[in-house]
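Note sheet for the following structure.
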Amino acid sequence: MNYQDDPKINRRLEQLEAEVNPNAPVNPTPSDLNSSLKTLYGQLMARFKRLPKAGQIAIASVGVIAGLALLKTLVELISLAISLAVVGVIVYIGYQVFKSSQKPKI
C-alpha cells in the first residue's frame, strides 16, 4: 500500500507538522489564494490611484508596451510553430516519395 497517496495520512501529517513547528508555512487552499490575489489587486489599484496623473500615464504606458511586447512574442511563437509544422509535412511527404521510389517493382 502506498501511504503517500492517502489524503487522510497526508492531512494528519500536515497537522502534526503544524503542531510541532507552529511557525512553518501552511499550504494555502485555492480560496485563500483567490482572496489574497483580490487583496493584492486592491492594494495595487489603491497605490495606482494615489499616484499623480503623470505617474499613472507612465505606468499605463509601460503596461501597454509590455503587453504589446508579450503579444508580439506570442504571435512569433505561433508563427514558428506553424512554420515547423509546414516543414515537417514537406519533409514527411518527401520521405514518403523517396521511400516509394526505392521499392523494387515485380
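Just the heavy atoms: all of them, side chains too, but no hydrogens, waters or symmetry mates, feed the values below.
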Side-chain contact, heavy-atom cut-off 4.5 Å: Ile57 with Ser61?
yes

Pairwise side chain to side chain donor-acceptor pair (under 3.5 Å) hits with a residue in residues 37-51, at least two apart
none

Rounded distance [0.5 Å steps], CD1 in Ile9 versus CG in Leu16:
11.5 Å

Residues 76-98, side-chain donor-acceptor partners within the protein, below 3.5 Å, at least two apart:
| from | atom 1 | to | atom 2 | distance (Å) |
| --- | --- | --- | --- | --- |
| Ser83 | OG | Ser79 | O | 2.9 |
| Tyr92 | OH | Gln96 | NE2 | 3.2 |

